[in-house]
Amino acid sequence: MDQGSSEADTADKSEEQTTSATLDEPDGSHVEPKSPNRQESPQNNQDVYRIKSIEFKNDRYGIVTQNRNGPCPLIAIVNVLSLRNKIHLPADRPSITAAELVDMLANVLLENRPRNPQELADYEQNVTDAMSVVFPKLPTGLDVNVKFLGVDQFEFTPECIVFDLLNIPLYHGWLVDPQQQDVIEVIGQSGYNQLVEKIIECKASSDDQEGSRGDLAEQFLSSTASQLTYYGICELHRKLKEGELAVLFRNNHFSTILKHKKYVFSLVTDQGFLHKTQCVWETLSSVEGDNEFCDGGFHAYQEEEASAAPAESADFNEEHDYLLALSLQQQEEQETRAAPRSQQAAPLSDYELARQLQAEEQRLALEEDEEDAEPAQVAPSPRSNQYMAQPRRTPPPSAPVPDNPPPSRGKSSKDCHIL
């Protein structure tokens with residue numbers, strides 16, 4: 001949605017030289033117009049989208065999923081045509097490029113050529129304009145400016161022509177409640193861009209009444225920042241026909257919607273649900289977003305399939321931790337083998353440990369004998385000779401050490417040695 005007329009005019013002049021354009025996201029808490037954030041993205045047609053197979057009307061259909069946040073009206077339009085059997089998404093392929101999807105739309109436009117010669121000239125001109133101006137923007141975003149008094153009311157922009165050519169209704173749910181007559185008087189038939197300009201003019205005015213009108217309109221935009229109201233939801237349920245497939249514009253995002261048995265559903269196209277084949281639709285009944293998921297038969301989505309994801313994730317994390325620990329252990333062993341022998345602490349064998357313990361016991365016993373012998377010496381003469389004449393006490397017996405040491409064996413984790 002473009003914001004700001006002067007900046008939008010400049011952007012419109014440059015659109016013919018750009019290959020794509022992105023939508024500006026209106027911030028409900030700020031009413032000042034922003035410059036259109038347009039980006040030249042010549043590689044957008046190389047974007048790849050995953051295909052999901054779903055159940056619809058007791059048959060299997062392919063739909064395109066979205067892998068990142070963004071407007072991407074291309075996905076919404078293609079999914080409508082796929083569920084209408086106007087195009088066929090190959091079931092044997094897991095993905096498809098944006099360029100291939102655009103080619104599919106072009107083929108549909110050519111197949112819809114009117115037979116009346118009087119209508120053919122205008123139709124071909126509109127198709128030419130759409131393919132040269134609108135199609136390059138489909139993977140990124142279109143300029144859409146809603147009006148607040150009807151779910152099918154938009155300010156006309158050249159980009160909207162693609163919906164008319166493909167016979168796809170475009171709706172929104174950003175409506176003013178009829179009970180808010182004071183807000184309706186301020187907004188009137190203004191679109192979003194015009195309303196923003198009106199708010200700026202009112203707030204800049206020295207007239208208190210005009211300032212109040214500006215505050216009232218500004219409060220409406222900030223209180224409906226989700227771009228959906230409960231009155232808008234009611235109007236969508238009333239306006240859509242039974243079984244009708246359409247495109248909904250909300251929060252600068254385009255989604256596929258369907259009315260089934262008096263209720264409106266939104267097609268689940270988030271790539272995070274790619275492998276959840278039973279999660280197909282989401283109810284459109286709440287502004288806060290606490291809607292319910294449904295399967296292809298519009299029954300409540302069973303949480304058993306969704307609850308299996310945390311268990312699988314836990315198993316994956318446990319296996320990942322084990323592999324990480326094993327890798328670290330192998331790395332330490334490699335570093336130990338690569339280090340010089342002088343830096344390595346060679347483990348002691350059982351034989352070497354026994355010899356070490358015996359030597360320590362003999363040293364302690366010898367110190368005890370010397371301490372006992374010193375008080376018994378009386379006037380030694382000479383001291384050194386007499387000390388040598390004192391008998392040595394035999395050290396206490398210790399565990400015999402075999403002449404041939406046994407082969408060294410590895411220590412288990414339960415061995416305990418006291419040094």
Problem set entry | Residues which pass side chain to side chain donor-acceptor pair (under 3.5 Å) with Ser190, listed by chain and number, not counting sequence neighbours | Lys198

Exercise. CD/Gln219 to OG/Ser212 distance, rounded to the nearest 0.5 angstrom?
Worked result: 11.5 Å

For this session: Say whether, by atom type as modelled, one donor and one acceptor occur between the side chain of Ser82 and the main chain of Gly62 under 3.5 angstrom.
Result: yes

Problem set entry | Interatomic spacing from CG in Asp143 to CD in Glu159 - rounded to 0.5 Å | 4.5 Å

For this session: Could you tell me whether the side chain of Asn291 and the main chain of Leu284 form a donor-acceptor pair under 3.5 Å?
Result: no

For this session: Calculate, to the nearest 0.5 Å, the distance between atoms CD and CD1 belonging to Gln125 and Ile161 respectively.
Result: 9.0 Å

For this session: Write down the atom of Val176, the atom of Gln180, and the distance for their closest heavy-atom approach.
Result: CG1-OE1, 3.8 Å

For this session: Could you grab the distance from atom CG of Asp207 to atom SG of Cys202, nearest 0.5 Å is fine?
Result: 9.0 Å

Problem set entry | Value rounded to 0.5 Å, distance of CG in Leu267 from OG1 in Thr256 | 5.5 Å

For this session: Give a yes or no on this: more than 12 heavy atoms of other residues, nucleotides or ligands lie within 6.0 Å of atom CD of Glu292.
Result: no

Exercise. Does the side chain of Leu105 come within less than 4.5 Å of Leu81's, by heavy atoms?
Worked result: yes

For this session: Determine whether more than 12 heavy atoms belonging to other residues, nucleotides or ligands lie under 6.0 Å from atom CD of Gln181.
Result: yes

Problem set entry | pair Leu138-Leu142: side-chain heavy atoms closer than 4.5 Å | yes

Problem set entry | Among Phe273, Phe293, Phe298, the one residue meeting ring pair (Phe, Tyr, Trp, His ring centres under 6.0 Å) with Trp281 | Phe298

Side-chain donor-acceptor pairs of residues 164-172 under 3.5 Å, sequence neighbours excluded:
unit_1 : atom_1 : unit_2 : atom_2 : d
Tyr171 : OH     : Glu244 : OE2    : 3.3
His172 : ND1    : Trp174 : N      : 3.0
His172 : NE2    : Lys147 : O      : 2.9
His172 : NE2    : Gly150 : O      : 2.8
His172 : NE2    : Gln153 : O      : 3.4

For this session: Indicate the atoms forming the closest heavy-atom contact of Gly141 with Pro73, along with that distance.
Result: CA-CD, 3.9 Å

Exercise. Between Leu101 and Ile77, is a side-chain contact (heavy atoms from CB on, under 4.5 Å) present by the stated rule, with each step listed?
Worked result: CA-CA 10 Å; Leu101 295 178; Ile77 293 175; over 6 Å; no

Exercise. Closest approach of Pro114 and Glu119, non-hydrogen atoms and distance?
Worked result: CB-OE1, 3.7 Å

For this session: Report, as yes or no, whether the 6.0 Å neighbourhood of atom CD on Glu242 holds more than 12 heavy atoms from other residues, nucleotides or ligands.
Result: yes

With a cut-off of 3.5 Å and sequence neighbours excluded, list every side-chain donor-acceptor pair involving residues 258-266.
unit_1 : atom_1 : unit_2 : atom_2 : d
Lys259 : NZ     : His237 : O      : 2.7
Lys259 : NZ     : Leu240 : O      : 2.9

Problem set entry | Donor-acceptor side-chain pairing of Thr65 and Arg50 below 3.5 angstrom | no

For this session: Without swapping roles, check the side chain of Arg60 against the backbone of Ser53 for a donor-acceptor pair under 3.5 Å.
Result: yes

For this session: With rounding to the nearest 0.5 Å, note down the distance linking CG in Asp177 to CD1 in Ile184.
Result: 7.5 Å

For this session: Look at the side chain of Tyr123 and the backbone N and O of Leu109, then say whether any donor-acceptor pair between them is shorter than 3.5 Å.
Result: yes

Problem set entry | Worked check of side-chain contact (heavy atoms from CB on, under 4.5 Å) between Cys160 and Glu155 | CA-CA 9 Å; Cys160 293; Glu155 181 179 329; over 6 Å; no

For this session: Check the surroundings of atom CD in Glu288: do more than 12 heavy atoms from other residues, nucleotides or ligands lie under 6.0 Å from it?
Result: yes

Seminar exercise, completed: On a heavy-atom basis, the closest approach of Tyr49 and Ala98 is CE1-CB, 3.7 Å

For this session: Return the minimal non-hydrogen interatomic distance between Ile199 and Gly214, and the atom names on each side.
Result: CG2-O, 3.9 Å

For this session: Determine the interplanar angle of the Phe249 and Phe154 rings, folded into 0 to 90°, and report it as parallel if under 30°, tilted if 30 to 60°, perpendicular if over 60°.
Result: perpendicular

Exercise. Taking it one step at a time, do Thr269 and Val64 satisfy side-chain contact (heavy atoms from CB on, under 4.5 Å)?
Worked result: CA-CA 7 Å; Thr269 58; Val64 181; over 6 Å; no

Exercise. Any luck finding a side-chain donor-acceptor pair between Asn85 and Tyr61 under 3.5 Å?
Worked result: yes

Problem set entry | Donor-acceptor pair, side chain of Arg113 and main chain of Glu124, under 3.5 angstrom | no

For this session: Applying side-chain contact (heavy atoms from CB on, under 4.5 Å), run through Val196 and Ile200 and close with a yes or a no.
Result: CA-CA 6 Å; Val196 170; Ile200 295 175; 4.3 Å; yes

Exercise. Would a distance-only check, ignoring hydrogens and angles, find a side-chain to backbone donor-acceptor pair under 3.5 Å from Lys57 to Leu83?
Worked result: no

Exercise. Looking at side-chain heavy atoms only, is the closest gap between Leu89 and Met104 below 4.5 Å?
Worked result: yes

Exercise. Taking Asn251 for the side chain and His253 for the main chain, is one N or O donor matched with an acceptor at less than 3.5 Å?
Worked result: no

Exercise. Of all heavy-atom pairs between Val280 and Thr277, which one has the smallest distance, and what is that distance?
Worked result: CG2-O, 3.5 Å

For this session: Answer whether the closest heavy-atom distance between the side chains of Phe254 and Asn79 falls below 4.5 Å.
Result: no

